[in-house]
Amino acid sequence: MVFHLDKCIGCHACSIACKNLWTDRTGTEYMWWNNVETKPGTGYPTLYEDQEKYHGGWERGKNKPLLKLHSRIGGLKNIFSNPYLPTMDDYYEPWTYRYEDLFTAPQGDDQPVARPISMVTGKAMDIEAGPNWDDDLSGSPIYAANDPNLKAISEEERKQLFQFERLVFFYLPRICNHCLNPGCVAACPAGAIYKRGEDGIVLVSQEKCRAWRMCISGCPYKKVYYNWVTGKSEKCILCYPRQETEQAPACMHSCVGRIRYLGMLLYDADQIEETAGKPDTELVDAQRNMILDPSDPNVIRKAQAEGVHDKIIEAAQKSPVYKYVKEWRLALPLHPEFRTIPMLFYVPPLLPVMASIQHGKYRSSHDFFSSLESARLPVKYLAQLLSAGDEETILKVYKKLLAIRIYKRSETVGDIQPEEARLALEESKTTPKEVEAIYRMTSLAAFEERFVIPPFLREMAIESVMDPETRKEEAGTGHIHPPKRGW
Amino acid sequence: MSWIQDLMKPKMRLWEEFYRNRWQHDRVVRSTHGVNCTGSCSWMVYVKDGIITWEMQALDYPKLEAGLPGYEPRGCQRGISFSWYIYSPLRVKYPYIRGTLVDLWRNARSTHADPVAAWTSIVENEESRRSYQRARGKGGFRRTDWEEVLEIIAASTLYTVKKYGPDRIVGFSPIPAMSMLSYAGGARFIQLLGGVLLSFYDWYADLPPASPETWGEKTDVSESADWYNSKFIVTMGANLNMTRTPDVHFAAEARNHGAKLVVLSPDFSQVSKYADWWLPVNAGMDGAFWMAVNHVIMKEFYVDRQVPYFVDYLKRYSDAPFLVELEPWDNGYRAGKFLRANNLSRYRDVENGEWKLLVFDAVKREIRMPRGSIGFRWQTKKGHWNLEMKDGLDGSEIDPLLSLAEDPDDVAVVNFKESAGTKSFKRGVPVKYLEIENRRVLATTVFDLLMAQCGVDRGFSGEYPADYDDEMFPFSPAWQEAYTGVSRETVVQFAREWATTAEKTKGKCTIIVGSGANHWYHANLTYRTGITALILCGCVGVNGGGLNHYTGQEKVAPVASWSTLAMALDWTTPPRLQNAPSFHYVHTDQWRYEKGHADHHPLEGPFSKEHTIDLQVDAVRRGWLPFYPQFNRSPIDLVREAEKAGAKTDQEIIQWVVDQLKDRKLRFAVEDPDAPENWPRVFFIWRGNTLLASAKGHEYFLKHYLGTHTNTIADEIAKESVREVDWKEPSPQGKMDLVVDINFRMDTSALYSDIVLPAATWYEKEDLNTTDLHSFIHPFGAAVPPCWESRTDWEIFKAIAQKVSEMSQIHFPEPFREVVATPLLHDTPDEITQSEVKDWYSGECDPAPGKTMPRLAVVERDYANLFNRLISFGAKVKEEGMEEKGIRWSVKDLYNDLLKNGHVHEWNGKKYPSLSDAVDAANVILHLAPETNGEIAYRGFKTLEQRVGLPLADLAEGYRGMKYGFLDLVQQPRRILTSPCWSGITNEGRAYNAYSINVERLVPWRTITGRQSFYLDHEGYIAFEENLPTFKSKIDLKASGNISKTTAARKSIALNYLTPHGKWHFHTTYYDNLRMLTLSRGIEPFWLNDKDAEEIGVKDNEWIEAYNDNGVVVTRTVVSARVPRGICIFYHAPERTISIPKSPLRGRRAGGNNSMTRLRLKPVLMVGGYAQFCYRFNDYGPPASDRDTYVLVRKLEGEPRF
């Protein structure tokens, strides 16, 4: 998947779509398989990016990457008491209100009101935290200022970020990254988590899960949650029941910012371990390198030889994700230094230019568009987020994003000279043809161009366990395989 | 190279059925969301086992032309959380009634067989009446059944009509476009009854008065796809992410297409994230910014050099070349009224010469009368109302001079005001002399006045700014700094980039503007300054350009047929339509709490009165604004008395009423609003939160309408300053006898009402929905039948009507007649009735209904058949046709088609198209609307062609055969057709852009000149110094009068109180939704600047108490440097039902957002009977602004107490 952050409006329609479909049950109240964070900010659960606190993800080992959780303490030793689990304080205490009081309050001498009550205790409560507590909260000394990624920037820059004329924020929607080197899978003592072969979706088997909750710690993105009613961990399933019927995941379907793109990537699984073990600054490139060109005859031949269906290869060739990540090199993984090789990529946002206060008056930087030189958000900050600290990677992306706008302005208005536009393209090593393609995909692409997946060929999958005809005949007679309660 | 392998055995993956089963469902139904959101998104609602589970956006909008991004998906976080409401504990499942009232009722019913007599016994006993009034909002609800509440409602209605007249029955419901039939059900019932329907658009302060001022149109805007055509987008007071969530992608996509986005917003608002430039103009001061921009544009693009596109545009499409007479004033002159054609001998005898205006022809060097001004619209000879620059007399070509600068007779010293202060500036302006009726008159063009007003010196001497750095004189870039806080360099660069973009693209600059700019007292001026920049650069009526104001109005696309049905024009006319701001200002007694108005006070003339209420009374007497109740006597009794006095005809009855008024034997109710016979008595509320979210001055509503507890401590101080109204002591509390709320959730209005009727939600009914954000029409559908005992609004009003008709067999068995007063109306010849402001009441002229005073009509009501009329489409429309915007066309054959093909309701031996079912009603609307039936569009354009005299019907020719019925919409949203009722063109997938038809087809705007107005020459505008675009500062703390009685507690801070639209609700809708409350902070917090918060010792998420004379709010804070110092943000609008503690200061439950506001009407916006300054429901009148409000904020003392 690709999330185009320049287009994200932070509306959270994705979060609710997901909540409605999947986590609207007892035991799942606090689960937000999809959430949207304001950056700079502390995220959900709070400060999840701080692996000194949570010990999620991988470390670069001598020979191969090691799980941060186990490398320090040893997996089995702590199997019964996992010290790095987020607590309810890191999430929030789910609440509701005594709405019924509005109907049932007896005649009194003042207006009745619905008070908040805890969903855990049923008692009246003070609401001190929520799943989106620092929403839109740039300039907050408590939340924005404690963003772990700000550590990389200087004290002076940090200060400036909290001045009225310079402050800024943007949104970061997050779901499970469906990683190639998932920390959750590796951490699970029960072998309950697996990555599906046909689509790469990482799932927690609701049958095999034994509530060790190591997955929660192992995932540096904190995208696995424990269901306290069923006693199983649950996480984003990328709406496989919808995808299997060629419908987009609910979060993507409901994205009114049209920021989401879903498509197939072919990659070389042999390179996973090596990629995850690269030095920080090489991680993004290494991940790009393991993604294979689906139009390369060599790749096609090998894929076919290994039984990859033609329809999958065809879909991979049309994949918008391939274009953004590999071809155009605009989309980057979130915190590659966690080394899980996340398969969700972000195009960084363009933000307003800086301003200054001169003689008490607000003076905007003179740049016509958003620019690199007067960007409100330090490149270093974005590098912390999307390139393991490598600023060059971010700069390259930005130059290209800006070149697109300059080129289109020159073409459609003409107050930017063609020479300037040509220089912008040259500097960002792109061509009018590529710019046109990126522009079209970013601005004009209809749903069917943003969502390109191969047909799921369910009849073939079902055939491995039962005759599809029998499946057809028995459909609708309830659960074929009801999940059992855990312990 | 290897591929990922499935490591799990297929059998181990059988559990995956778990989530597949969760996704299963039984039914998917298309529906959408009604008020308050105006996004008009099509949704698919999922049903499983007969229970609504969730909703997902529809993706199947028809595509627009190539090169435009699509509309899919539409829908936001709020919409997608709606399904939570259906089965939530907030759902109103049964009818409820206040216990105190139902006890009284049951008791009364046990002794009175007649329900009307029972009701009489309750409300005519002051003790019993006050007992249930005082209980309002204090709990004690009892579940009851439909029969009982319907009986009470019908009995109170009939009692009120009999005792006082039908114009004491009031209904309110907002934004019909969002569920047209739900609105229409109640509106139709009210109008058949003779009751009063309150407007919403001006009441919400969403009506931008600058739109009727400039264009003669309440609002017409681009659909959001047209933003994509723009190359310079400015947002002002519009937080697109918040309020235009499903549309904002067009702005993001436009950026990639090379558009620049500039955000004007005092805080780093959510949309600022998208901006290239974020300019934090001080709250409420945007007008100063734009005036300086206009200064630069005029200097660099009109004086230093000329841009042919701009000049040509201004000559043809604006009033810039029209001649204005200069009046002697203060040792010089001031701009006066437009020169009139009948003043010149050449045109002395032309029809409507007083309403035909003049320009100076560059070739003939003479004054000429071009076609298109309003006199041509209403003259007998048709075909000359167009924008061709041809002489109205002989058709010769005219090339108007924009400026007299190249050939002046003289230079006159004209006074210009710095309206932000009190200073006056004398500036030289080029003039022509002319002889009129033996006197010499000085005239200049609007363009020359505008040039001087903006302060651009062309060498005519006077007090002009020397250059951009001159801080002394308005409106230079340096001058504006003190108001806006934005540097001169930034303003100059902005203006250059703006105008250059417009020059290169021929007008593709747009302003997206919203409530953040419009909710101020002087919003009309702010808008006009921005509009000036648009018109100067030829941006209006061009795809990608124009003023895009989306706040609140939302477009009922099939407006002609819908309003015919909703206002029951198929049975009786005229309807009683009331501008709500005036109504509530007067009836909630908020006028009693102010000494005068906050505007500049004209020293002499008809507008020199001190108090707003006096100007309000004048406006009613002169027919400028409506007011109900009309008179201090029943309008039914008036007919009886007139007849008793010998009146035979309607005309004689009306004359008798006029004489009574003239002799002061009959009085306007507005002159004595606190007399019991002049109170509104029964209040129907549906689809709205009238008592809180929309109640500016909410605490006064509680006090004077409901007669229950209140948090206001303000003194009633108007006594000494009012002249035209009677002052009563003490002021009445509890004017309303009965408040009925129709609702699906227990919101604040429901909580304070006497009766709550359970309404079907948006997923439980059939209805229609359109918006101006896109160009589609689409339906509501019932995914499940109305839950529990709820009913659709349509069915509820049917039930009420049925009960009223049933009881009328005894109380009104025969039809009866009454007198209906209505104001002078826009889009009728009323527009040319009052060329001068004259007062019949003081004897300056004769009282002439429809000319110098309101129109009066005698109307027949038939209550015994009210139900039959409600559910059948009357034959009046068959005979008289349908009308919109002054065009009337025949629908006789189509009416007959309905009889032949559709459902029919038969009574009294006659057959009518049935409206029994909401879908029937929807089909009648669709069948007769130009926007959904190409044949009607064609007919409408044919009619318009005659008046304009230029071809127009070709716009509809290709679509004549297209027609959509309700089932077509269920299949897929459909694009509305190009229509004579609107000004944009949707043919061939083109994005709708307002005023394209005016620009491309030379159809005049509905203004005095027929062109876009820079200059407003009504006497009121001259008196209040708003005849030219200008800037007036926001009202300051002292003038606001908000903190007079209140004393500042220790460690408190006074802040400007802003209530922009928030992220987690639309008004109060969705506010109480658990999903939204979970994703926010479980409460609506007060946003404070970090330094302001520090000053009063408050930290993030701590409780504060905010208060002023009007009321109090207790909530938690969010502390952020995102908010500038000096303002606080309390996003509009939280319910006071959720998590609100008591106020230590006032001792009671604290209130909601409107607890701290009080109504303030702007007098100049009340004028009427003059071209575009004419009343039209929801389209015109003084809005109820609320931003010029101040509060004190302090840390809450102790723990919150609930």
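Sequence lines set the chain letters: A, B, ... in the order given, protein chains first and strands last, and positions in each chain run from 1.
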Part of [X] within contact of chain A (heavy atom distance under 4.5 Å):
| X | result |
| --- | --- |
| B:N1101 | side chain |
| B:S83 | side chain |
| B:V486 | both |
| B:T1078 | both |
| B:T500 | side chain |
| B:L59 | side chain |
| B:H709 | side chain |
| B:E72 | both |
| B:K9 | neither |
| B:F250 | neither |
| B:R91 | backbone |
| B:V92 | both |
| B:K1099 | neither |
| B:I1140 | both |

Straight-line distance of [X] [atom1] to [Y] [atom2], nearest 0.5 Å:
| X | Y | atom1 | atom2 | result |
| --- | --- | --- | --- | --- |
| A:T38 | B:R1122 | OG1 | CZ | 9.5 Å |
| A:H12 | B:R78 | NE2 | CZ | 10.5 Å |
| B:E1135 | B:L1077 | CD | CG | 10.5 Å |
| A:W95 | A:M125 | CH2 | CE | 6.5 Å |
| A:H253 | A:C14 | NE2 | SG | 13.0 Å |

Count the heavy-atom pairs under 4.5 Å between each of [options] and chain B, then report the option with the highest count.
| options | answer |
| --- | --- |
| A:Q107, A:Q111, A:K361, A:E29 | A:Q111 |
| A:R242, A:R440, A:H4 | A:R242 |
| A:I357, A:I406, A:D367 | A:D367 |
| A:I142, A:L350, A:I259 | A:L350 |
| A:S443, A:G307, A:S464 | A:S443 |
| A:Q358, A:E244, A:Q271 | A:E244 |

Problem set entry | Within 6.0 Å of CE in B:M12, more than 12 heavy atoms from elsewhere |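 Check fails, neighbour count at 12 or below.
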Under a 4.5 Å cutoff for heavy-atom pairs, which residue among [options] has the most contacts with chain A?
| options | answer |
| --- | --- |
| B:K231, B:R134, B:R22 | B:R22 |
| B:Y274, B:Y96, B:Y46 | B:Y274 |
| B:K504, B:K273, B:E503 | B:K273 |
| B:P280, B:G79, B:P10, B:C76 | B:P280 |
| B:A259, B:P246, B:S81 | B:A259 |
| B:F494, B:F232, B:Y71, B:W1087 | B:W1087 |

Spell out, as yes or no, whether a donor-acceptor pair under 3.5 Å connects the side chain of [X] to the backbone of [Y].
| X | Y | value |
| --- | --- | --- |
| A:R376 | A:L167 | yes |
| A:E306 | A:K302 | no |
| A:R98 | A:A124 | no |
| A:R405 | B:R255 | yes |
| B:R13 | A:S205 | no |
| B:D276 | B:V262 | no |

[X], part contacting chain B, at a heavy-atom distance under 4.5 Å:
| X | value |
| --- | --- |
| A:Y92 | side chain |
| A:A355 | neither |
| A:F162 | backbone |

Mind checking whether [X] and [Y] have parallel, tilted or perpendicular rings, split at 30° and 60°?
| X | Y | result |
| --- | --- | --- |
| B:W15 | B:F18 | tilted |
| B:W278 | A:Y362 | perpendicular |
| A:Y97 | A:Y99 | tilted |
| B:Y19 | A:W22 | perpendicular |

Exercise. Looking at residues at least two apart in the chain, or sitting in another chain, which of them share a side-chain hydrogen bond (donor to acceptor under 3.5 Å, both in side chains) with A:K19?
Worked result: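 Scan of A:K19 (side-chain hydrogen bond (donor to acceptor under 3.5 Å, both in side chains), adjacent residues dropped) gives A:T23.
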